[in-house]
Amino acid sequence: MKIRTAVIPVAGKGTRFLPATKEIPKEMIPILTKPMIHYAVEEAVLSGIEQIVFVTSSGKTAIEDYFDRNIELETFLERAGKGELAESMKKLGSMIEVTSVRQKEQLGLGHAINCARDLIKDEAFAVILGDDLVRGSNPVTKQLIEISAKNNNSPVIGVMEVPKEDTNKYGIIDGEAINGSNKTYKMSKMVEKPNPDEAPTNLATPGRYILTQEIFKYLDEIPRGVGGEYQLTDAINAMAKNTSVYAHIFEGSRFDTGSITGYLNATVEFAMMDDQYKEIMLDICRENIKKYE
Ligand code: G1P
C-alpha cells in the first residue's frame, strides 16, 4: 500500500530556544542555509510522500509560507540576474503539497496526531517529528515504509539503541526479533519515557512512525499519560496488544535538534558533511580549539 501522507506536528512552543522562538517558530531556525523543518520535509519527499499535514498552533504561519511559492521573490531574483537561485526557490515552493490543521490546546503528541485525522482520509500514513533529524543514504521513513510493506502493511515504529540512562527521554519498545532479522522486532509493548531501571529495552524511537487508521480508535480511548498528556506511545502500546505492530532499527545518523547541544552538534556535522562547508568548518574548529582549549 502506498503511503501518501506524512503528519508533522509543529505546534510546540520551542521554549528551549527562547528568545529566538519568541517571534519565529523553532522549526524555522536554520542549520546551514535551510530551516530545520526543511530536512524533515525533504526526508518525506525522498520517501515518496506526496502530502504533508502540519499540525500547527498560532504563530506558525511562516512554516506554511516557506513551502509555498513566493512569486515576488522569484521575480526579484530573476531580474537581479540570479536565475539559479530563482529556480531553486521555485522548486522549493513546488516541493510538496502542504495542508495544515490547528491543535488548539497542547495536549500531547497523541492529541496532535488525532487532530490530523480528517486530512489523512482512509489511508496508512507516516509521522515525522522534526526535532529529530536522521541523515543517511536511505531516508528513514522510506526504510520504515519498506518494512511495513514486507509485513502485511502493518504499523512500524523506527527505533535506535540509546544508552540505558537515556530511556526516560523516549518512547521505548519491547518485542522479539522476527525470523531471520536482527533489526526488525514484533512489538509486545511500548512505554513512554520509562526510568532506566524499568525500561524493557534500550530501543527508543526518535519520532518516526508508519501508522494505520486503526491508531485513531486507540487515540480516542487512551487516558492522559506521562506529563498529563495524551501520548501516542500509549495508543501504540494498546494497539500492539490486538494487532501486529513492528519496530525496526533504522540506518542513519540521528541528531536531536530539539536541544541546544544537539542543535550545535547538527550544525557542525551538517557542515562537515557538506562539500561546500567542510573545509571552512574544519578551519573554524581548529582555530577555536587553539584559542579556547
Ligand atoms: C516524543 C514522544 C517520544 C519520542 C520522542 C522523540 O517525546 O512522545 O515517545 O521518543 O518524541 O523525540 P517528546 O520529546 O516530544 O517529549
Side-chain angles (χ1 to χ4, degrees), residues 6-17 21 25-27 29 36-37 39-40 43 54-57 60 103 105-116 126-135 140-141 144 155-175 185 187 189-196 198-211 215 218-219 222-240 245-250 252-263 265-266:
V7 178
I8 307 188
V10 292
K13 291 277 174 249
T15 49
R16 279 189 277 190
F17 282 87
T21 47
K26 75 167 175 205
E27 293 79 8
I29 294 177
M36 289 192 217
I37 192 67
Y39 297 94
E43 175 188 321
F54 287 123
V55 183
T56 69
S57 59
K60 298 279 181 168
Q103 185 185 18
E105 278 180 284
Q106 311 294 291
L107 298 179
L109 180 59
H111 177 255
I113 303 306
N114 219 354
C115 289
V127 173
I128 298 177
L129 301 191
D131 271 357
D132 292 86
L133 300 184
V134 184
R135 299 199 93 187
V140 55
T141 294
L144 303 184
V156 181
I157 317 302
V159 292
M160 60 189 182
E161 292 186 66
V162 296
K164 197 79 193 211
E165 64 268 23
D166 284 349
T167 54
N168 57 4
K169 296 182 185 153
Y170 301 97
I172 302 289
I173 69 105
D174 195 7
Y185 292 75
M187 263 176 60
K189 68 172 171 184
M190 189 167 184
V191 199
E192 181 69 4
K193 305 194 174 88
N195 286 327
E198 282 159 10
T201 65
N202 66 339
L203 294 175
T205 183
R208 293 297 185 281
Y209 315 80
I210 304 300
L211 297 171
I215 194 69
Y218 297 98
L219 285 171
I222 48 164
R224 288 177 191 249
V226 171
E229 297 188 337
Y230 293 101
Q231 298 291 350
L232 179 59
T233 295
D234 293 343
I236 294 170
N237 181 52
M239 183 165 67
V245 179
Y246 294 86
H248 181 69
I249 303 179
F250 59 81
S253 314
R254 173 263 183 172
F255 300 88
D256 166 21
T257 50
S259 73
I260 305 294
T261 313
Y263 173 74
N265 187 32

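Counting starts at 1 for both ligands and their atoms, in listed order.
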Could you pull out the closest heavy-atom pair between Ile173 and Ala247, with the gap in Å? CD1-CB, 3.6 Å
So, does Thr205 use its side chain to make a donor-acceptor pair with the main chain of Gly158 at under 3.5 Å? yes
Among Thr21, Thr257, Thr15, Asp131, which one satisfies side-chain hydrogen bond (donor to acceptor under 3.5 Å, both in side chains) with Lys26? Asp131
Under 30°, 30 to 60°, or over 60°: which ring-plane class applies to Tyr263 and Phe17, parallel, tilted or perpendicular? perpendicular
Taking only residues two or more places apart in sequence, or in another chain, which ones meet Asp166 in a salt bridge (charged side-chain N to carboxylate O under 4.0 Å, His left out)? Lys169
Give one line per pair: atom of ligand 1, protein atom, distance. Only N/O to N/O under 3.5 Å.
unit_1: ligand 1; atom_1: 7 (O); unit_2: Lys193; atom_2: NZ; d: 3.2
unit_1: ligand 1; atom_1: 8 (O); unit_2: Glu192; atom_2: OE1; d: 3.4
unit_1: ligand 1; atom_1: 8 (O); unit_2: Glu192; atom_2: OE2; d: 2.6
unit_1: ligand 1; atom_1: 9 (O); unit_2: Gly171; atom_2: N; d: 3.0
unit_1: ligand 1; atom_1: 9 (O); unit_2: Glu192; atom_2: OE1; d: 2.8
unit_1: ligand 1; atom_1: 9 (O); unit_2: Thr233; atom_2: OG1; d: 3.4
unit_1: ligand 1; atom_1: 10 (O); unit_2: Gly171; atom_2: N; d: 2.9
unit_1: ligand 1; atom_1: 10 (O); unit_2: Thr205; atom_2: O; d: 2.6
unit_1: ligand 1; atom_1: 12 (O); unit_2: Asp132; atom_2: OD1; d: 2.8
unit_1: ligand 1; atom_1: 16 (O); unit_2: Lys193; atom_2: NZ; d: 2.6

Could you report the tightest heavy-atom contact between Gly108 and Gln103, atom names first, then the distance? O-NE2, 3.3 Å
